[in-house]
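For this chain, numbers begin at 1 and follow the sequence in order. Ligands are counted one by one from 1 in listed order, and the atoms in each one are counted from 1 as well.
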Amino acid sequence: MTLEDLGWNAAFESEFAPYYAKGWKPARLIRDNRITYGALLAEGGGQELEVTMSGKVYHDAETDADLPAVGDWVALELGGDGEETVIQARLTRQSCFSRRAAGHSAEEQVIAANINMVVVVTDAGQDFNPRRMERYFTLISRSGSQAVVLVNKSDLFPDAQNQEAARAIRALNPDAQVYVTSAIQKSGLTELKSCFKRGVTVAFVGSSGVGKSALINLLLGDEWQWTDTVNEVTGKGRHTTTARELLFLPRFGGMLIDNPGIREVQMWTDEKTLREGFADLEQLAKECKYDDCKHRSDAGCAIRQGMENGSFDSGRLEGFLKLDAEIESLRSRRKKRQITIDRRAKRDERTKVRNPSDRKELQAQLNPRA
Ligand code: GDP
Ligand code: ZN
């Protein structure tokens with residue numbers, strides 16, 4: 001494995017020159033455990049290390065957004081026997097997915113750094129939503145990465161409908177590459193495969209149930225096991241604290257990112273817009289016998305009945321159920337994040353007094369004639 005496989009390029013190389021001189025090593029962050037990080041080194045066939053931030057990196061960070069994040073390239077000072085390996089510097093980001101934390105308009109939160117390509121998956125039917133697509137395009141172009149859109153499940157719709165959806169999406173963003181695909185029929189995958197190049201870091205986004213996992217599994221086979229949120233809920237999820245969020249794919253020589261933040265990209269629009277895609281199912285759910293129907297095996301479930309009549313695509317039911325689960329877990333994560341942000345704000349208040357410029361001010365106040 002080489003640094004280039006992991007996304008290294010000439011700009012990173014030249015920025016790193018002074019760090020080489022100190023004997024530090026370049027590595028890419030693949031996991032964020034808040035206190036420690038998982039870092040991938042090119043040497044040793046892709047050695048993975050648990051690393052911590054130096055006090056300097058932590059204190060130099062003026063905002064959360066300056067802290068190292070998944071996808072960042074960093075300079076590591078390798079620890080000797082029994083010593084910690086420490087992040088001594090973070091390289092300039094070439095692209096950056098971030099969002100403003102809810103309620104704190106100035107607080108920017110980095111979701112992933114140095115992503116080259118974002119694949120948005122949708123379909124030409126119920127999921128098709130130009131407003132939501134525009135929102136994705138805004139986020140992707142702001143991040144500095146390339147947009148690819150897949151109009152998936154083409155087997156379910158007439159070709160003219162698929163082509164019309166693709167045309168409408170191209171009209172929204174002429175820079176986006178748009179392909180019509182079917183994971184079931186394994187069609188349209190050649191173009192998509194050509195996007196996976198050595199050193200490219202890719203993220204998949206899109207509504208629940210639209211076929212992201214199916215497409216990724218097709219493309220990557222055993223290299224990647226994507227576990228959906230429903231499994232996460234039942235406890236069979238892959239997302240333990242030790243899970244990699246950025247994965248190297250030997251077959252393509254590129255990287256795939258899947259951290260909770262990226263998954264929530266599908267949540268970056270308002271809940272109302274998200275639910276619009278399932279308006280017919282929400283309507284039908286009102287006819288379920290019980291108000292708290294989970295639409296799984298409950299008696300008198302109108303949605304189950306509808307599915308048995310074959311009146312809608314079963315993939316959409318999965319999407320509908322996943323959306324609820326995702327909105328719920330997003331809410332609890334937001335709450336947790338808010339607690340972290342508040343705690344940091346308190347820390348900053350405390351350290352302010354120790355800051356030399358503040359100290360001078362304080363002295364001036366205490367001793368006005370000095
Ligand atoms: P994700 O939530 O975006 O990861 O969606 P999944 O990959 O879990 O797919 C949701 C459902 O849609 C599954 O039942 C898939 O088998 C189905 N599905 C995925 N791609 C296609 C496709 O191209 N055509 C059809 N007919 N169904 C698909
Ligand atoms: Zn029901």
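For His295, the N/O/S atom at the shortest distance from the Zn ion (ligand 2) is named ND1.
Listed by atom number, the atoms of ligand 1 under 4.0 Å from Ala214 heavy atoms are 7 (O), 19 (C). Every atom of ligand 1 with a heavy atom of Ser208 under 4.0 Å away is listed here by number and element: 2 (O). Below 4.0 Å from some heavy atom of Lys212 lie the following atoms of ligand 1, by number and element: 1 (P), 2 (O), 3 (O), 4 (O), 5 (O), 7 (O). The atoms of ligand 1 that sit less than 4.0 Å from any heavy atom of Ser182 are 23 (O). Residue-ligand proximity, Leu156 to ligand 1, at heavy-atom distances under 4.0 Å covers atoms 26 (N).
A donor-acceptor contact closer than 3.5 angstrom is absent between the side chains of Ser95 and Arg142.
The shortest N/O to N/O separation between Ser213 and ligand 1 falls below 3.5 Å. Considering backbone and side-chain N/O of Asn152, one or more are found under 3.5 Å from N/O of ligand 1. Of the N or O atoms in Thr181, none lie within a sub-3.5 Å distance of an N or O in ligand 1.
At a heavy-atom cutoff of 4.0 Å, ligand 1 is contacted by the side chain of Asp155 but not by its backbone. At a 4.0 Å heavy-atom cut-off, ligand 1 touches Lys153 through backbone and side chain alike.
Salt bridge status for Asp127 with Arg132: present, with a side-chain N to carboxylate O gap under 4.0 Å. Remark: Lys22 does not engage Glu77 in a salt bridge, criterion side-chain N to carboxylate O under 4.0 Å.
Classification of the Trp73-Phe12 ring pair by plane angle, with boundaries at 30° and 60°, yields tilted. Below 30°, between 30° and 60°, or above 60°: for His295 and Phe320 the angle between ring planes is between 30° and 60°, a tilted geometry.
Between the Thr52 side chain and the Val86 main chain, no donor and acceptor come within less than 3.5 Å of each other. Listed for the Gln305 side chain is no donor-acceptor partner under 3.5 Å among the backbone atoms of Ala302. For Gln47 (side chain) and Leu40 (main-chain N/O), no donor-acceptor pair under 3.5 Å exists by modelled atom type. In terms of modelled atom types and a separation under 3.5 Å, the side chain of Lys294 and the main chain of Leu321 share no donor-acceptor contact.
Contact analysis puts Ser207 in contact with ligand 1, with a non-hydrogen atom separation below 4.0 angstrom. Between Gly209 and ligand 1 there is a heavy-atom distance shorter than 4.0 Å.
Vertex the Zn ion (ligand 2); arms to Cys301 atom SG and Cys288 atom SG; angle 110° (nearest 10°).
Nearest to atom 19 (C) of ligand 1 by heavy atom, out of Gly211, Ser187, Gly188, is Gly211.
None of Ile169, Val205, Asn129 except one satisfies the side-chain contact (heavy atoms from CB on, under 4.5 Å) rule with Thr122; the exception is Ile169.
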